[in-house]
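Some notes on the structure that comes next.
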Amino acid sequence: MTLNRSEAPETPALSNFLRDIIAEDVRTRKYGDATIQTRFPPEPNGYLHIGHAKAICLDFGLADEFGGKTNLRFDDTNPEKEEQEYVDSIQRDIHWLGFDWERLCFASDYFGQLYEWALQLIRAGKAYVDDLSADQIRQYRGTLTEPGKESPWRNRSVEENLDLFQRMKAGEFSDGSRVLRAKIDMASPNLNMRDPVMYRILHATHHRTGDDWCIYPMYDYAHGQSDSIEQVTHSMCSLEFADHQPLYRWFIEQLGIFPSQQIEFDRLSLTYTLLSKRKLLQLVKEGFVNGWDDPRMPTLSGLRRRGFSPEALRTFINTVGASRTNGIVDIEMLEHFQRDYLNRRARRAMAVLRPLKLIIDNYPENQVEHVEVQNNPEDPSAGTRLVPFSREIYIEMDDFRELPPPKYYRLSPGKEVRLRNAYFVTAHSIVKDSAGNIVEVHCTYDPASRGGNSPDGRKVKSTMHWVSAAHAISAEVRLYDKLFSKPDPNDVPEGGTFLDNLNPDSLQILADARLEPSLAGATAEDRYQFERVGYFCLDPDSSETKKVFNRTLPLKDSWAKIEKKAGV
Ligand code: ATP
Ligand code: MG
């Protein structure tokens, strides 16, 4: 089942190798009559980011295409790092992205079964309890060029292993004193096959199972077996798990259970963006951003708050596709799809971010005209609205220069410009405060230019937005820029950290913007284009008395230019 995708103008499915593999398995009836089953397996140790969105779109999207089903499974095997808050946020974010799961599962629901299977492997002589410390295990593991060394505990009897493992579970031993390891091959060229740890002792309270367990399965043991329990046919994950695939298969073969297959695809990486929960957590914990949903974060909750739409994210991900080699995608491409969506959907409005008062000396005092303007020129069905115009209005400070530099076509003394949808005005004087700041600009208007039309073929070089001073609402506007100032945030000189690459100007707050009065009715769902300024949405920090708007993106689309240059 999918949610809120009906209105999505999505790109058609592009070919990708994952789809080809599934199609082939369906054709050869690899899984007989079974339907295609996938899963999305987040660890609840942070919020989802746009990299996860790629995995979600593949897991849910491909299953959907083949009439299959997708489970949401929390890989909750690290009690120390996991929290209910993350479990909740992950579900919210998947729904927001437009997907719903067949079953909600938790690896912790399988702890009993996983334990039984571990006993089965011990009985078969395929697993043993090791008393080496974590450090010793690491030393014994060897390197890529040197084979590992067998643990002195490797050849314990089945009876002793069963006894020790049961006592590990019963809580007789301290954290880290023993582990259960698979008995595979200490000389394997694949380090993951050198007797990997299956269970560790950890006296920690789990967010779901409480204190029921003091041994916890490792990812490699828990993951594939959980897939098998859920009869997952295609277990898709990112490329860093490719080296784990032989181990994934080994457990399933030894246990003789449902043959789930793992397939790896490329991780999504974006320029100017970090996609690592660990580092994102650090940004949150150390206060470099205002929470996981800070609009500068690449988390789904951050993107949502910033005003990104699930439709645009899905279109972006479908376009990027899946491949077998990692690459880096330009953040401008994501922004391009978001702008494209907003250009078609966002209601236009006039908003002045840095207000400067413009007084039209020859306009009748107390007169108010209501100018009818289109809500979205791209979409006539969006209708029109009336915007009040009066003698005193606000324009952008940037739209006036007392001493205009060359090629400055906006307002300056003696120059005529168009006020959008209203009139031609000519500036003639300014008023400054004692500090020399311009506080008022005086102008005259040409009544014959009503509607912003040239009365006699006379041309002006600039059209400016405005809001009527008496009717405007005040608001706070937050302008966001990239969180990092380098395309690769991890690119730091020796001894530095990614924190050194934080962009000091990633957030600019404009406390006294003036907006056209219709924006008083803005809701969280509305998307706006503030004309000439950018795309904006209401921030949840808004109250009855004070509106706060976030800039989703500025108008300029650099990707379109990049594409054009590249001849795409
Ligand atoms: P991170 O590296 O950010 O901590 P993770 O891989 O540890 O993420 P999980 O919760 O284990 O996060 O990921 C759930 C699923 O999402 C996994 O199948 C993983 O392969 C996939 N995934 C995570 N990051 C990306 C990414 N950048 N691109 C594509 N898939 C991803
Ligand atoms: Mg992980």
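Every number for a ligand or one of its atoms is a count from 1 in the order of the listing.
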Polar-atom distance check: [X] versus ligand 1, any N or O pair below 3.5 Å?
X	value
Arg39	no
Cys237	no
His49	yes
Ser238	yes
Glu43	yes
Arg267	yes

Discussion item. Taking side-chain contact (heavy atoms from CB on, under 4.5 Å) as the criterion, tell me which of Asp64, Asp59, Asp227 meets it with Thr38.
Written reply: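 Exactly one option meets the side-chain contact (heavy atoms from CB on, under 4.5 Å) with Thr38, and it is Asp59.
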Worksheet item: Mind checking whether Tyr216 and Phe111 have parallel, tilted or perpendicular rings, split at 30° and 60°?
Response: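 Perpendicular: the ring planes of Tyr216 and Phe111 meet at over 60°.
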Practice prompt. Kindly indicate, with the supporting measurements, whether the criterion side chain to side chain donor-acceptor pair (under 3.5 Å) is fulfilled by Asn550 and Asp539.
Written response: CA-CA 6 Å; Asn550 294 327; Asp539 188 85; 2.6 Å; yes
Practice prompt. Give the atoms of ligand 1, by number and element, whose distance to some non-hydrogen atom of Ser276 is under 4.0 Å.
Written response: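 Every atom of ligand 1 under 4.0 Å from some heavy atom of Ser276: 3 (O).
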Worksheet entry | Those atoms of ligand 1 less than 4.0 Å from some heavy atom in Ala55 |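 It comes down to these atoms of ligand 1: 16 (O), 21 (C), 30 (N).
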Worksheet item: Got a sec, which residues hit ring pair (Phe, Tyr, Trp, His ring centres under 6.0 Å) with Phe40, two or more places apart in sequence or on another chain?
Response: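 Once residues adjacent in sequence are excluded, Phe40 has no partner under the ring pair (Phe, Tyr, Trp, His ring centres under 6.0 Å) criterion.
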Worksheet item: Judged by modelled atom types alone, do His207 and Glu83 share a side-chain donor-acceptor pair under 3.5 Å?
Response: no
Worksheet item: Between Lys486 and Asp491, is there a donor-acceptor pair closer than 3.5 Å when you use the side chain of the first and the backbone of the second?
Response: yes
